[in-house]
A.B. asks: 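The following block contains the structure, expressed as structure tokens.
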Amino acid sequence: MSETGNLRDDLSNPPKGPTRNQIWVGFGVLVGLVLIWMIVAQWPDWLDAILISKKAFLSAILNGLTLAGLYFLVASGFTLIFGLMRNVNLAHGSLYLLGAYVGYEIATRTGNWFIGVGGAFIAIALVGLIMQILVFRRLEGDDLRQTLVSIGISIVAADLMLAVWSGGTYQILTPEWISGAIKLPVVTAERSNGTLVFLKYPLYRLIVLGVAVAIGVALWLTLNKTRIGMMIRAGVDDREMLSASGVNVHYVFAGVFALGAGLAGLAGVIGGSALSVAPGEDIRYLLASLVVVIVGGMGSITGAAIGALLIGLAEQIGLVYFPTYGVVLTFVIMVVTLAIRPEGIMGKRL
Amino acid sequence: MSSIDALRDPNPSGPAFIRHIGAGNVILAVLLILYPAVASDFFLTQIGGYTLIFGMIALSLMLLAGYGGMVSLAQITVVGVAGYSVAIFGENSSDVMGFGWPWWIYVPVAVLFAAIASALIGLIAVRTEGIYTIMITLAVATAAFYFAQQNYTLFNGFPGYAGLRAPEVFGVNWRDPLPFYYLCLGTASICYAAVLYGAQSTFGLTLQATRDNQRRMRAIGYNTTAHKVFAWFLSGAIAGLAGVLLVWFQGRISPGTIGVGAAVNILIIAVIGGLRHPIGPFLGSILVVMMQTFAIDIVGAERFNTLIGLVFLGVVFVSPDGMLGLWEKAKPYLKQNSLRPDP
């Protein structure tokens, strides 16, 4: 009863100062304005002195955004699978790496990068489907064993991939017209003779960012505006009720697992083209997905996007400004999030 | 608790102290003490020493997972804290750090650091539950690995530290096969006995009750978080001791020692052995070390991980309680044969 009493008090005496929401919006607008100023304006010397140079800073931000896009592609599948099935798939990094290798093979054999991307998505989605049906369905409801099994799968997978593709580094070649750099309409400096120096940035990375945003929006629309999305969200909240209301949850589970795995495979090709493909990448992207999902909140696409942004930016900015402590920065973000909101930024209470 | 009772002889006989310790444990101890009589140097260190060291690390995980319900993948990170402390405070040949402190100072310091590091990891991990703990500790372990690899001022980066030596005390070089085996055996026995004893202490029982029903324990008035963090501290001390022995044995430590593969290896050992009783990690350790040593002849060094991964998958599928679980499953059949009254 005391709670309703408090509520009535709150309603009758509205707080005088700005509400929490207004403070956050104000803060966001302020940060946005500062950022816009930093992008548009010629930097004064003192700012250059702090942040090395405008070019270094903007490149770090852009690299961070691109990396965030990549992380989001990997982590969104991870978080969907976790949210729906309570299945921590620690083989998710292996799916990423396998996707990269498969994409490389298809792309070099057919000579078409796009077939490589599509082929990797389909192939890894199938692998995910098989994993879900043959392995994880048998252990349904036993979270710990599912996790242990996924660890076992990742060990075997890493070793077999090493056997097939050896320890070398592969580079997936992108089509000519999306390789190379473009000039962005951002002035980084002015030469003494008055010509303006524009920021150059690889076009491909911008495309990565665009693809990530497009897939993110598509996922969000699917989850929030379609019937299938409704089922998935209902499954995240309460899978027993969903099952009781006549939906074959196994189809939903299998579909989501395939989608999540396919996204990891797709990210593998895209990431393998932007960076490179080598053993060990599976662990790197597994760590990234883990931290992104812990920070963003399990089972939330929006959370994965926020987490990916934070981690991607932190990693790249850390790389430029304090090289050896970049990992620590990522880690600090995770610990601070856990300390303040153990369920993650967009997560639901455990 | 049932498995502990089950391992104990139902009708104890003989002198009081044997009854107290348990006949099985006494026989085991005698066998292990006599083991050097039949074993070559290779079997003493590469098999015996490694088994005991990795058994101890897995034991520190068993303490958390079995009694506390917290499965950690960061045990190898705690081992690394102790190992790097030995390298930094003791002597090394890498020309970085190496304060040259005597062993009786740097060993306690290393173990204490490991225990504190473990408690800090625990402090983060206990904010969440169940599989989240695995995720967070895996993230911690991976981050620690990358950090050690990138940081040259403190961890000497990729090469790590070499030239770490076990001390010579009482005129004995403790790195020699026989003394080293007994050193490992002694330390492992103390840890094993401590965990067995601790499991039945008030603290151990509280921890197990918290594992079974945290809300109820909190409602009764126990500070469950403090109990869990203390369990992490104790587990860190065991892992730290193992870490000191490990770097003395290997003579070096590098980021590879605390990599994700190594972290998962510890989990594999503990799960294969069984998480119900402190003997499980040592059983798992025997199997894994034997496989590591001898399976290479069968499948070749390259595909070893596939083999161990498949064994691990098999154990998780067939017997969730590992080798101990297999024993529990087999026991009723054995019992029936021996107890069955003659017709």
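Lettering of chains follows the sequences in order, A, B, ..., and the numbering in each one begins at 1. All of these numbers come straight from a predicted model, not from anything done at the bench.
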A.B. asks: Name the region of A:Leu148, side chain, backbone, both or neither, that has any atom closer than 4.5 Å to a heavy atom of chain B.
C.D. replies: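 For A:Leu148, the contact with chain B is made by backbone and side chain together.
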A.B. asks: Should we count OH of B:Tyr222 as having more than 12 external heavy atoms under 6.0 Å?
C.D. replies: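 No, because the 6.0 Å sphere around OH of B:Tyr222 holds 12 heavy atoms or fewer from other groups.
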A.B. asks: Which bit of B:Phe145 is near chain A, if near means a heavy-atom gap under 4.5 Å: side chain, backbone, both or neither?
C.D. replies: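 Neither; nothing under 4.5 Å.
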A.B. asks: For the CD1 atom of B:Ile308 and the CG atom of A:Asp159, what is their distance to the nearest 0.5 Å?
C.D. replies: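 Between atom CD1 of B:Ile308 and atom CG of A:Asp159 there are 11.0 Å.
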A.B. asks: Most heavy-atom pairs under 4.5 angstrom with chain B, which of A:Ala288, A:Ser154, A:Ala158, A:Gly152?
C.D. replies: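 Option with the top pair count is A:Gly152.
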A.B. asks: Rounded to the nearest 0.5 Å, what separation is found between the CG atom of B:Asn265 and the CD1 atom of A:Ile155?
C.D. replies: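 That separation rounds to 7.5 Å.
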A.B. asks: At a 4.5 Å cut-off on heavy atoms, which part of B:Val311 comes close to chain A: side chain, backbone, both, or neither?
C.D. replies: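 Contact with chain A: none, neither part.
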A.B. asks: Quick one: pull up OG1 in A:Thr147 and CE in B:Met135 and give me the separation to the nearest 0.5 Å.
C.D. replies: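 Here the interatomic distance stands at 9.0 Å.
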A.B. asks: Taking C-beta and beyond as the side chain, do A:Ile151 and B:Val316 meet within less than 4.5 Å on heavy atoms?
C.D. replies: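 No; the side chains remain at least 4.5 Å from each other.
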A.B. asks: Sort by residue number and list every residue of residues 255-264 of chain B having at least one heavy atom under 4.5 Å from chain A.
C.D. replies: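 The stretch touches chain A at B:Val260, B:Val264.
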A.B. asks: Mind checking the CD1-CD1 spacing from B:Ile136 to A:Ile294? Nearest 0.5 Å is all I need.
C.D. replies: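 CD1 of A:Ile294 is found 5.0 Å from CD1 of B:Ile136.
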A.B. asks: Select one option (side chain, backbone, both, neither) describing which atoms of A:Val149 are under 4.5 Å from chain B's heavy atoms.
C.D. replies: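 It is both, since atoms from each part get that close.
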A.B. asks: Of the backbone (N, CA, C, O) and the side chain (C-beta and beyond), which part of A:Arg284 lies under 4.5 Å from a heavy atom of chain B, both, or neither?
C.D. replies: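 It is both, since atoms from each part get that close.
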A.B. asks: Checking heavy atoms, do the side chain of B:Leu310, its backbone, both or neither come under 4.5 Å from chain A?
C.D. replies: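 Contact with chain A is through both the backbone and side chain of B:Leu310.
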A.B. asks: How many angstroms lie between atom CZ of B:Phe147 and atom OG1 of A:Thr330, to the nearest 0.5 angstrom?
C.D. replies: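 One gets 12.0 Å once the value is rounded to the nearest 0.5 Å.
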A.B. asks: Assess the residue pair B:Phe312 and A:Val156 against the criterion (side chain to side chain contact (heavy atoms under 4.5 Å, CB included)); give the C-alpha distance rounded to whole Å, side-chain angles, the decisive distance to 0.1 Å, and a yes or no.
C.D. replies: CA-CA 10 Å; B:Phe312 177 70; A:Val156 176; over 6 Å; no
A.B. asks: Which bit of B:Leu267 comes within less than 4.5 Å of chain A, counting heavy atoms only: side chain, backbone, both or neither?
C.D. replies: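 For B:Leu267, the side chain is the part near chain A, not the backbone.
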A.B. asks: Locate the shortest heavy-atom distance separating B:Ala139 from A:Val291; write the atom from each residue and the value.
C.D. replies: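 The answer is CB-CG2, 4.2 Å.
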A.B. asks: Measure the OG1-CD1 distance between A:Thr337 and B:Ile124 for me, rounded to the nearest 0.5 Å.
C.D. replies: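 So the OG1 of A:Thr337 and the CD1 of B:Ile124 are separated by 11.0 Å.
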